[in-house]
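Written below as C-alpha cells is the structure these notes are about.
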Amino acid sequence: MPIVGLILFLVWIHEQPAKAKRSGIGALSGCFIGIMAAIIFGVFVHFKVTSHVTSSSATTSSKIVSSQNHTTIAWNKTKDHHLSEFMQSFAKAKHQNYTIVSSTSKTQWYSKNLSTAIKHHLSLTVDDAHQSANWFPSAKHASAKATNIIAAYADSKKHRLYLFTLKANGTGKVLIAQDAIKNGRLSVRQTKNEQLKTGYQQILKGNPAAFTSNASSQQSTSSAAKPKPVFPSNFIGTWYGWSYGKQYTVIITENSIAFDDKPLPVHWQNEHTKADKQLLMSNSDISNEISESPHACWQSAMLSTAPGANVPMISLRGWFQTAGAGEFYWVESRDLNGTQQPVLAMASGAQEIVDTNFYQTPQLADQYKDTIFSDEPTTSNYSEFTLK
C-alpha cells in the first residue's frame, strides 16, 4: 500500500538508501494508481446518473408529446348511420354505386387494394401540399395534427372517392379523389357539390340528411321552381322495345326519361344557369367540375320536326355536351294489327337514323321486334333490322 512504502522510505533513507528509493517509488506509483482509479470511478458514476436522468426525462417528454398529438372528436354510431343513409340517397340521385371503405374491405381503386394502401399509412396531397392522414380513428383517439378521415365511400367504376374529415373543434370537410395513388399519396380536393357539403354539416350537428335530385334541380335552375315541361303528353308513359337481343323499357315523364328505371332529368337547353354556361365556355379540362355539378346527369332538350313526318321531335344531349348529335325521339301513329297505335321512334347521329322503335305493350314489342318501318331513316349499319 502507498502508506507503508512511504514509512519504509523514511526509515531506510539514511541506513539503506537503495531500499528506501525503491519503497518511495512504490509509494508514489501506488498513489498515482489510486488517484487514477478514483477519477475513473467518479466518471463512471457521473455517466450512470446522467444516463438515468436523461432516460427518465426522455420518457416523460415522449409521453407529453404523445398526449399533445392526440385528441377527441365528436363522432358516434348515430352520425355514422346518418352518413350511410345520406350516401345511399346521394348514390341513387347521381346514378352511382358507392361502397363503404374500411381498413378490412377489399375496395379496388385503379386496380389497387385501397384498404392495403391505408394500412401502409396512405397520405394525402391537398392542393399540391402534402398532409398526413389518420384513417378511421375512434372518437377518443383522433389526431390533433393529421387529417382525421372518419369515413370514406368509393365508386370504383366511375373513379369517385369521397373522404369525410373531422377536427376536434367539430368542423369537417368533404374531400374527393378521382386519380390513382402515386408515390404513396392520394390527390384530393374539396368537393364543389354544395348539397353534399351541406348534408355533411347537418350530420355533424347530429341531424339526418338526404340528397335528392329534385331538390338539386329546384335550387339550381334559373327559372321557376317547377321546370318547364319538355315532353308532350303523347310521349309520356312506359314504352317497350328490343335492341341487341334484349327487351327493355323507356319511361318518360314531362321532365325525365328513364332507361330500365334509371331516370335522367330533362330540361330545355335555354335553362342553363350562369355556372353551367361558365363551364361550357371553359377552354380547360372541366371533367372534374362537371362530375361535381348538380346538373351532371341532366339532359339538354331541343324541339324540332321529325324527318319525313310532320310531328314534334325532341333531341337530347348531355347537359354539358359540346360535340356529337345526341339522340332523337318522336311519336307517330302506325297501323299495327289493323288498328292505329302510337310508336315511339329513337334515332341517333347527324342523319337521325332510327335505332329502334318502342311500343305501349310488351306483346307489341315482341311482335314487332327489331322492326324499322319503311318510311323511317335507315342505313346499311342497321341491316339486321327487317324493313316493313
For the student: nearest non-hydrogen atoms of [X] and [Y], plus distance:
{"X": "W109", "Y": "D155", "value": "CZ3-O, 4.3 Å"}
{"X": "P307", "Y": "P377", "value": "CG-CG, 3.7 Å"}
{"X": "A177", "Y": "V188", "value": "CB-CG1, 3.7 Å"}
{"X": "I236", "Y": "E254", "value": "CD1-CG, 3.7 Å"}
{"X": "I314", "Y": "W268", "value": "CD1-CH2, 4.2 Å"}
{"X": "H141", "Y": "N134", "value": "O-ND2, 3.9 Å"}

State plainly whether one hydrophobic cluster holds both [X] and [Y], where clusters connect Ile, Leu, Val, Met, Phe, Trp and Tyr through side-chain heavy atoms under 4.5 angstrom apart.
{"X": "F136", "Y": "L124", "result": "yes"}
{"X": "L163", "Y": "L114", "result": "yes"}
{"X": "I150", "Y": "V126", "result": "no"}
{"X": "V174", "Y": "I73", "result": "yes"}
{"X": "Y162", "Y": "W75", "result": "yes"}

Hey, could you give me the [atom1]/[atom2] distance between [X] and [Y], rounded to the nearest 0.5 Å?
{"X": "T249", "Y": "I251", "atom1": "OG1", "atom2": "CD1", "value": "5.0 Å"}
{"X": "I100", "Y": "T107", "atom1": "CD1", "atom2": "OG1", "value": "9.5 Å"}
{"X": "L316", "Y": "H267", "atom1": "CG", "atom2": "NE2", "value": "11.5 Å"}
{"X": "T78", "Y": "L83", "atom1": "OG1", "atom2": "CG", "value": "12.5 Å"}
{"X": "T191", "Y": "R189", "atom1": "OG1", "atom2": "CZ", "value": "7.0 Å"}
{"X": "L344", "Y": "W239", "atom1": "CG", "atom2": "CH2", "value": "5.5 Å"}

Ignoring hydrogens and geometry, is there a side-chain-to-backbone donor-acceptor pair from [X] to [Y] under 3.5 Å?
{"X": "Q351", "Y": "I353", "value": "no"}
{"X": "R160", "Y": "K158", "value": "yes"}
{"X": "N183", "Y": "R185", "value": "no"}
{"X": "K173", "Y": "T165", "value": "no"}
{"X": "E376", "Y": "F373", "value": "yes"}
{"X": "S111", "Y": "Q108", "value": "no"}
{"X": "S102", "Y": "S105", "value": "yes"}
{"X": "D179", "Y": "S187", "value": "no"}
{"X": "S84", "Y": "D80", "value": "no"}
{"X": "K79", "Y": "A74", "value": "yes"}

Residues T125, K182; criterion side-chain contact (heavy atoms from CB on, under 4.5 Å); working and verdict: CA-CA 10 Å; T125 299; K182 294 181 180 178; over 6 Å; no
Using only heavy-atom distances, determine whether the side chains of [X] and [Y] contain a donor-acceptor pair under 3.5 Å.
{"X": "S348", "Y": "D355", "answer": "yes"}
{"X": "N207", "Y": "H82", "answer": "no"}
{"X": "T147", "Y": "Q131", "answer": "yes"}
{"X": "S103", "Y": "S115", "answer": "no"}

Kindly indicate whether the side chain of [X], heavy atoms from C-beta on, has any atom under 4.5 Å from the side chain of [Y].
{"X": "D335", "Y": "Q340", "value": "yes"}
{"X": "C297", "Y": "P265", "value": "yes"}
{"X": "W298", "Y": "V266", "value": "no"}
{"X": "Y98", "Y": "Q96", "value": "yes"}
{"X": "K106", "Y": "N113", "value": "yes"}
{"X": "Q178", "Y": "I176", "value": "yes"}
{"X": "S123", "Y": "L186", "value": "no"}
{"X": "D276", "Y": "H295", "value": "yes"}

Should we count [atom1] of [X] as having more than 12 external heavy atoms under 6.0 Å?
{"X": "H121", "atom1": "NE2", "answer": "no"}
{"X": "N169", "atom1": "CG", "answer": "yes"}
{"X": "M346", "atom1": "CE", "answer": "yes"}
{"X": "E85", "atom1": "CD", "answer": "yes"}
{"X": "H130", "atom1": "NE2", "answer": "yes"}
{"X": "K197", "atom1": "NZ", "answer": "yes"}

Please report the C-alpha distance between V311 and T305 in whole Å, then the side-chain angles of each, then the deciding distance to 0.1 Å, and finally whether the side-chain contact (heavy atoms from CB on, under 4.5 Å) criterion is met. CA-CA 6 Å; V311 294; T305 302; over 6 Å; no
Quick one: do T371 and T356 satisfy side-chain contact (heavy atoms from CB on, under 4.5 Å)? Show the steps, please. CA-CA 7 Å; T371 297; T356 189; over 6 Å; no
Criterion side chain to side chain donor-acceptor pair (under 3.5 Å) on Q269 and R317, from CA distance to verdict: CA-CA 9 Å; Q269 186 184 39; R317 301 173 73 193; over 6 Å; no
Please confirm whether K369 makes a cation-pi placement over W242, using NZ or CZ under 6.0 Å from the six-membered ring centre and within 45° of the ring normal.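 Verdict for W242: a cation-pi partner in K369.
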Test side-chain contact (heavy atoms from CB on, under 4.5 Å) applied to N357 and I372, step by step: CA-CA 7 Å; N357 286 297; I372 300 297; 4.1 Å; yes
Return the orientation label for the F164 and Y153 ring planes: parallel under 30°, perpendicular over 60°, tilted otherwise. perpendicular
Which word best sums up how the rings of F259 and Y329 line up, parallel for under 30°, tilted for 30 to 60°, or perpendicular for over 60°?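 Geometry flag for Y329 against F259: tilted rings.
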Output field: ring centroids [X]/[Y] closer than 6.0 Å:
{"X": "W319", "Y": "H272", "result": "yes"}
{"X": "Y359", "Y": "Y368", "result": "yes"}
{"X": "F358", "Y": "Y248", "result": "yes"}

Before accepting this row, confirm whether a basic side-chain N of the pair R334/D375 lies closer than 4.0 Å to the acidic partner's carboxylate O. yes
